[in-house]
Each structure stands twice: as C-alpha cells, then as structure tokens.
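Owing to the predicted nature of the structure, the values given are computational and were not obtained by experimental measurement. First listed ligand is number 1; within each ligand, the first listed atom is number 1.
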Amino acid sequence: MAPMGIRLSPLGMAVFCLLGLGVLYHLYSGFLAGRFAFFMLSEPAAGGAEPPPRGSAAAVDLRELLAVSVLAAVRGGEEVKRVREGNVLNEKAKGKTREGAEEKLTSGDLLSNRRMYHLLQAAFPGVQINSEEHVDTADQETVSWDRSIPEEIKQKIQPKEVPAESVTVWIDPLDATQEYTEDLRQYVTTMVCVAVNGKPVIGVIHKPFSAYTAWAMVDGGSNVKARSSYNEKTPRIIVSRSHAGKVEEVARQTFGNKTVIIPAGGAGYKVLALLDVAEKNQEEADVYIHVTYIKKWDICAGNAVLRALGGHMTTLNGEEISYTGSDGNEGGLIASINMNHKALIEKLPDLEKTSHKLD
Ligand SMILES: Nc1ncnc2c1ncn2[C@@H]1O[C@H](COP(=O)(O)O)[C@@H](OP(=O)(O)O)[C@H]1O
Ligand SMILES: [Mg+2]
C-alpha cells in the first residue's frame, strides 16, 4: 500500500519507469548530438588552436576581435590626427634605441594608446594586450563597444572561436613617431594585431590622415590584396629612413648596386608598399628589409596582413617571428609577397658573419 491510499500497479510502475528513461535518453542524446555537430562543423582554429566549447566564458570570437581592432585603429587615429592638427605634440624623448637614435614620445602616441587600449580591454577583458606606450592602471577611462560588426566584415569573415588564453593583442598607437614629429603625415599609421598561439592572425593598418584602413585575417578574408606583379630580379627595396643601420649595404650586396632603395618611415607604411593600395601618397616596393632591432607591435600587424594574403615576413635568417613573450625581435626582418621568399633569404649575405656589423 502506497502512502495516502494510492495503489500503484506493477504495470503502471513499469510504464512510468519507461517514460522516465525515454525523457532522459531524449535529453542526453540531444546534448551529445549538439556537441558532435559543433565538433564536425568547426574547422581547426587559426593558428592551430582547438576551438573551445561554444559559448564558453574563455572563448573569444576572432571575427569580433577583428571588428573591434578596426574600430580601435580608427579611434586611435582620430587622436593622432587631432593632436597633429592642433600642433601641440608635447614632444619629448623617451629614451634611446640600442643604436643611439632618440626615441620620441608625443601626446599623439599617448592619447591614441589610451583610446585603443581601453576599447580593446573593455571589449575583451580576458585577453593579453601588449601596447607600445605605458597604460596607467589607475586611469578609470571606460569605453564600451556596442559589439556591432561592419557589414563588409560580416560578409567576408565567418565567426571563429579560440581560447582567450591563446590570444595576444599587440597595439601600436602611432607608428612612425619620428616622421610624425617632422610632419611627414603620409608615413603615420595606427596598428592592431591579434596573434593566436604566437602566430599573427589578424592585422589592421590604418592611415589616420587619409582615413585608409587595411585589414586581413589568416584563413578568413581581407579588404586588401597583393599587386598583380613584382620585380623579383631587381626588386625595389623599401627600408627605414630613421633606423636604417646598414640596410642599404645589405640590399646592395644582395641585389646589386643598381637596385632601387626607397627610404621610408613606419613599418606599417612599408608593408602597405608591398600591396595593392590605391592611395595617392603611398609608394610601391617589392621587398621590405629591416636590419636593426625592432619591437613586435611595430611588425605584427604587417606580418598578419602579409600572411593572410599569402606573403611572408620572417627574420633575415628565414625564421618565423613568434608574437608572444618578449616584445623585441632581434633577427631583423625581410618581407615579400608573391615572390620566392626562401630564394630571397638565400641571396642575403651570411648574416652570422655580418650581423655584428648590421647595427
Ligand atoms: N632599432 C630600433 N629600436 C627600436 N625601435 C625601432 C628600431 N628600428 C625601428 N624601430 C621602430 O619601428 C618602427 C618603424 O621604424 P622605421 O620607421 O624606422 O622603419 C618605429 O616605431 P614607432 O614609430 O612606433 O616608435 C620605430 O621606432
Ligand atoms: Mg609607435
């Protein structure tokens, strides 16, 4: 006898148990099927990372990161332009490079850095962000992102989740500061790069004075492309105008005395010189070479853009550059697209013997 006088027949109990089992099976198989479908649909994430479970707190969507990176580069660029046009740069020296060149700092660098950093940080609080300028942690600036994705990005890029801890964001709030102080505006860019497991995956290079933005995502898409042809035999070499070291010697030794050398400011500008950029003040070149020490925020975005378009940026020894850990790149760089990059490296002088002479 059941409590309260209800009598359960053995048949009723069996039906009840079967129904319960059916409900449990339905719930569990639906969950498993969902997990299986997600596993089947997701490609391996860019940079080789496994996608984390959808909706997991530790996952970030690379398409969203691209959208906010473009916005950050544009917003930083507005500060860069405003300070230059107001003509109050508050220029000072922040130190010297290893080669003894003065490293300059202006209000343009600092205000752009503040804008870019806070926007990215608020949008992706769980992600490591490395920026060129110091960020005051007491600064309570809050900038929110409305999570809207521009139509062009929506059309070209699919959502792709990666674990937040695999991501490192690199911000250059003002590339070509030296040239900025000389009012050579065409060289100036703001840049954001997203690396996944150290591999450069998203690059944004923005020219604040002409409102031009190039973006690209490895295995995703881009709004910029390579030119239709490059001169591989006697390439035009684009090099630094203010941190040149012995780069002209290296270029002439490699490609002959007649090779054209284009001195220019900014690592972002020099990468754009290798691409199809319809911009009145943009020079064109075939190869970009840099022989002195350089920082990862200067080169990561350009490296990502080139990689996304099938090009290469490596050290002068041909090694890939890893965008995690320390912020410096010791081995110089050579960048090319639609060329035999390996053959270019083999042509370079033996850097083991000459590296001490390069700076
Ligand atoms: N030897 C060096 N040491 C430190 N930074 C260097 C460097 N050579 C180049 N850079 C930095 O790399 C960027 C591009 O350099 P260049 O215009 O000479 O090609 C500049 O960044 P910033 O303007 O962001 O400081 C410059 O300061
Ligand atoms: Mg800078």
**Q.** Identified side-chain contact (heavy atoms from CB on, under 4.5 Å) counterpart of Arg227 within the set Leu275, Asp286, Ile337
**A.** Asp286

Q: Measure from the side-chain N and O atoms of Lys270 to the backbone N and O of Ala264, and report whether any donor-acceptor pair falls under 3.5 Å.
A: yes

Q. Can you list the atoms of ligand 1 that are under 4.0 Å from a heavy atom of Asp172?
A. 24 (O)

Q. Purely on distance, is any nitrogen or oxygen of Leu174 under 3.5 Å from one on ligand 1?
A. yes

Q: Please work out whether any backbone atom (N, CA, C, O) or any side-chain heavy atom from C-beta onward of Thr177 is under 4.0 Å from ligand 1, and answer side chain, backbone, both or neither.
A: both

Q.
Between Asp175 and Ala267 (side chain of the first, backbone of the second, donor and acceptor by atom type, cut-off under 3.5 Å), is there such a pair?
A. yes

Q. To the nearest 0.5 Å, how far apart are CE in Met313 and CD in Glu320?
A. 11.0 Å

Q: Name the orientation class of the two ring planes belonging to Phe124 and Trp145 (parallel below 30°, tilted from 30 to 60°, perpendicular beyond 60°).
A: tilted

Q) So is Lys295 close enough to ligand 1, meaning a heavy atom under 4.0 angstrom away? A) no

Q) For ligand 1, is Lys104 a contact, meaning one of its heavy atoms is under 4.0 Å away? A) no

Q: Check ligand 1 against Ser242 and write out every atom of the ligand that is under 4.0 Å from a heavy-atom position of the residue.
A: 18 (O)

Q | Polar contact flag for Arg98 and ligand 1 (N/O pairs, less than 3.5 Å) | A | no

Q) Within the distance-only criterion (no hydrogens, no angle test), does the side chain of Lys347 pair as donor or acceptor with the backbone N or O of Phe255 below 3.5 angstrom? A) no

Q.
Between ligand 1 and Gln178, is the shortest N or O to N or O distance under 3.5 Å?
A. no

**Q.** Heavy-atom closest pair, residues Leu306 and Ala335
**A.** CD1-CB, 3.7 Å

Q) Which distance, rounded to the nearest 0.5 Å, do you find between the CD1 of Ile294 and the OG1 of Thr315? A) 13.0 Å

Q. Any N or O on Gly266 sitting closer than 3.5 Å to an N or O of ligand 1?
A. yes

Q | Where ligand 1 meets Lys270 - atom numbers and elements under 4.0 angstrom, heavy-atom basis | A | 16 (P), 17 (O), 19 (O)

Q) Any sub-3.5 Å donor-acceptor pair from Asn223's side-chain atoms to Thr213's backbone N or O? A) yes

Q) Any N or O of Tyr288 that comes nearer than 3.5 Å to an N or O of ligand 1? A) no

Q: Return yes if a side-chain donor-acceptor contact under 3.5 Å exists between His243 and Thr97, otherwise no.
A: no

Q | N/O separation below 3.5 Å, Tyr293 to ligand 1 | A | yes

Q) Measuring from the heavy atoms of Arg241, does anything fall under 4.0 Å of ligand 1? A) no

Q: Supply the atom-to-atom distance Arg241 CZ to Tyr269 OH, rounded to the nearest 0.5 angstrom.
A: 11.0 Å

Q: Could you tell me whether Ser240 approaches ligand 1 through its side chain, its backbone, both or neither, with non-hydrogen atoms closer than 4.0 Å?
A: both

Q: Pick, from Lys96, Glu132, His243, Glu103, the option with the minimum heavy-atom distance to atom 25 (O) of ligand 1.
A: Glu132

**Q.** Sidechain N-carboxylate O distance under 4.0 Å for Arg82, Glu78
**A.** no

Q: Check each atom of ligand 1 against the heavy atoms of Glu99 and keep those under 4.0 Å away; list them by number with element.
A: 1 (N), 2 (C)

Q: Please identify which atoms of ligand 1 are closer than 4.0 Å to at least one heavy atom of His290.
A: 8 (N), 9 (C)

(Q) I need the atoms of ligand 1 closer than 4.0 Å to a non-hydrogen atom of Gly265, numbered in the order shown. (A) 17 (O)

Q: Could you name the option among Ala267, Ala244, Gly302, Gly268 that has the heavy atom nearest to atom 14 (C) of ligand 1?
A: Ala267

